[in-house]
Amino acid sequence: MAHELKRGQSAPAILRNTDLDAQEVWQARVDLAACLRAAARHGLEEGICNHFSALVPGHADLFLVNRLGWAFEEATASRLLICDFDGNVLSGDGEPEATAFFIHARLHKMAPRIGAAFHTHMPNATALSMIEGEPLVWAGQTALKFYGRTAVDTDYHGLALDEREGDRLATVLGDKDILFMKNHGVMVCAPNIAEAWDDLYYLERAAEAQLKAMSTGRPLLPVKPEIAAATARQMREGDPESARLHLESLKRRLDVTAPDYRS
């Protein structure tokens with residue numbers, strides 16, 4: 001289902017690689033590769049069709065993204081692409097997948113607050129995008145991490161193969177962080193890679209717990225709105241540091257089992 005990005009004739013990309021090998025850029029590559037590897041190990045990807053992106057440190061008009069045709073489990077720091085918002089590849093061997101470009105380039109361009117955007121068809125959160133009504137019921141503590149932070153795209157338009165669809169999704173997301181894409185999957189947006197990974201992981205856990213509770217056939221027991229809001233605020237206060245520690249933890253584990261992600 002992956003699609004090659006077809007670009008019209010355009011002027012060559014302006015060379016802006018004077019500091020694309022800076023240490024902070026390499027660290028972003030390592031961190032994003034780690035998240036791709038970890039997502040694969042948790043079963044959060046779908047073949048070669050899902051994509052993670054992150055703004056390049058020091059370059060608000062460039063983004064890192066995984067390449068077309070390579071599974072998450074194959075990701076390494078050096079294999080990630082650096083693209084501009086016009087689809088030009090400034091660093092890396094390969095091309096971005098078409099829907100990855102049209103969604104992620106437009107998100108990053110239209111919402112500069114988004115430092116990282118992770119799109120998956122992870123099974124439990126995607127299942128909640130396939131049922132009527134609001135996807136999350138605020139009945140579990142893990143779900144409360146996302147209270148007040150979710151948007152729902154109820155107007156599925158098929159594959160995102162042009163800029164208009166990317167713009168539409170960015171508009172639906174608005175000032176929220178999590179986009180449930182009805183009949184499709186989810187998009188997790190965050191200021192940085194660590195927080196995007198943290199949200200992606202816990203969103204799937206929240207969805208899994210909810211689906212298991214729903215499978216009993218008994219009514220769910222939502223938390224009172226005032227308690228849900230207060231709990232969400234408590235969680236958000238500690239999220240940046242917790243997310244940083246979470247990312248460091250998964251990199252330590254990968255350093256033992258699959259250290260080539262750093263290459």
Side-chain angles (χ1 to χ4, degrees), residues 1-5 28-29 31-55 63-77 79-83 87 89 92 94-108 114-130 135 150-153 156-162 165-166 169-170 172-173 177-190 193-208 247 250 254 258 261:
M1 294 191 294
H3 285 67
E4 183 179 355
L5 178 63
R29 285 180 172 276
D31 290 349
L32 192 60
C35 292
L36 289 160
R37 290 289 188 101
R41 294 188 173 209
H42 286 288
L44 307 184
E45 92 287 26
E46 186 162 69
I48 58 170
C49 296
N50 294 170
H51 18 85
F52 291 1
S53 68
L55 287 179
F63 65 102
L64 282 160
V65 67
N66 49 304
R67 59 184 289 182
L68 170 68
W70 290 65
F72 281 16
E73 188 66 28
E74 298 178 279
T76 68
R79 286 175 179 158
L80 298 175
L81 306 177
I82 293 181
C83 302
V89 177
E95 295 287 334
E97 198 270 337
T99 62
F101 171 73
F102 288 117
I103 293 175
H104 292 255
R106 303 308 294 177
L107 274 176
H108 287 300
I114 298 173
F118 290 5
H119 170 59
T120 75
H121 303 161
M122 53 190 188
N124 294 292
T126 299
L128 293 183
S129 80
M130 296 164 60
T150 63
V152 181
D153 174 28
Y156 177 65
H157 277 197
L159 299 182
L161 294 176
D162 58 51
E165 182 65 2
L169 291 171
V172 174
L173 177 69
D177 304 317
I178 311 297
L179 181 62
F180 278 93
M181 305 158 79
K182 285 288 188 178
N183 312 109
H184 185 175
V186 294
M187 176 71 73
V188 173
C189 300
I193 294 170
E195 291 184 61
W197 165 254
D198 198 60
D199 279 348
L200 187 82
Y201 174 84
Y202 285 111
L203 182 65
E204 180 69 352
R205 295 288 288 180
E208 181 182 12
L247 178 58
L250 75 86
L254 286 171
Y261 80 96

| task | State the OG1-OH distance between Thr76 and Tyr261, to the nearest 0.5 angstrom. | result | 11.5 Å
| said: I'd like to know if the side chain of Arg67 and the backbone of Pro96 have a donor-acceptor N/O pair within less than 3.5 Å. | reply: no
| field | Ring-ring centroid check His42 Tyr201, cutoff 6.0 Å | value | yes
| Interatomic spacing from CD in Glu95 to CG in Leu68 - rounded to 0.5 Å | 8.0 Å
| request: Indicate the atoms forming the closest heavy-atom contact of Arg37 with Ala258, along with that distance. | output: NH1-CB, 3.4 Å
| Audit row: Phe118, Leu32, side-chain contact (heavy atoms from CB on, under 4.5 Å) steps and yes/no | CA-CA 10 Å; Phe118 290 5; Leu32 192 60; 3.7 Å; yes
| Could you state the interatomic distance from CG (Leu169) to CE (Met187), rounded to the nearest 0.5 Å? | 7.0 Å
| What closest approach, in Å, do Leu173 and Cys189 show between heavy atoms, and which atom pair accounts for it? | CD2-SG, 3.7 Å
| Would a distance-only check, ignoring hydrogens and angles, find a side-chain to backbone donor-acceptor pair under 3.5 Å from Asn66 to Asn50? | yes
| Heavy-atom closest contact (Ser129 atom, His184 atom, distance) | OG-N, 3.8 Å
| Which pair of non-hydrogen atoms, one from Ala77 and one from Arg29, has the smallest distance, and what is that distance? | O-NH1, 2.8 Å
| message | Could you check whether any side-chain heavy atom of Glu97 comes within less than 4.5 Å of a side-chain heavy atom of His104, counting everything from C-beta outward? | response | no
| Does the side chain of Thr99 come within less than 4.5 Å of His119's, by heavy atoms? | no
| query | What is the minimum heavy-atom distance between Cys83 and Val65, and which atoms define it? | reply | SG-CG1, 4.1 Å
| message | So which atom in Ile193 and which in Ala28 form the shortest heavy-atom distance, rounded to 0.1 Å? | response | CD1-O, 3.5 Å
| query | Counting distance only, does the side-chain N/O of Asp162 pair as donor-acceptor with the main-chain N or O of Glu165 below 3.5 Å? | reply | yes
| remark: Hits for side chain to side chain donor-acceptor pair (under 3.5 Å) against Arg106, two or more places apart or cross-chain, chain-then-number order -> Asp167
| said: Just to verify, what does Ala39 make a side-chain contact (heavy atoms from CB on, under 4.5 Å) with, not counting sequence neighbours? | reply: Leu44, Phe52, Phe72, Trp197
| message | Please determine whether side-chain contact (heavy atoms from CB on, under 4.5 Å) holds for the pair Leu203 and Phe180, giving the CA-CA distance in whole Å, both sets of side-chain angles, and the decisive distance to 0.1 Å. | response | CA-CA 11 Å; Leu203 182 65; Phe180 278 93; 3.9 Å; yes
| request: Tell me, with the steps shown, if Asp153 and Lys182 meet side-chain contact (heavy atoms from CB on, under 4.5 Å). | output: CA-CA 6 Å; Asp153 174 28; Lys182 285 288 188 178; 5.8 Å; no
| task | Apply the side chain to side chain contact (heavy atoms under 4.5 Å, CB included) test between Val186 and each candidate in His121, Glu204, Met122; give the one that qualifies. | result | Met122
| query | For Arg205, does the CZ atom have more than 12 heavy-atom neighbours from other residues, nucleotides or ligands under 6.0 Å away? | reply | no
| query | Roughly how far, to the nearest 0.5 Å, is the CG atom of Leu107 from the OG atom of Ser53? | reply | 7.5 Å
| Which is it for Thr126 and Glu46 under the side-chain contact (heavy atoms from CB on, under 4.5 Å) test, yes or no, and what are the steps along the way? | CA-CA 11 Å; Thr126 299; Glu46 186 162 69; over 6 Å; no
| With sequence neighbours left out, what residues match Glu74 under side chain to side chain donor-acceptor pair (under 3.5 Å)? | none
| query | When rounded to the nearest 0.5 angstrom, what distance separates CG in Leu36 from NE2 in His51? | reply | 11.5 Å
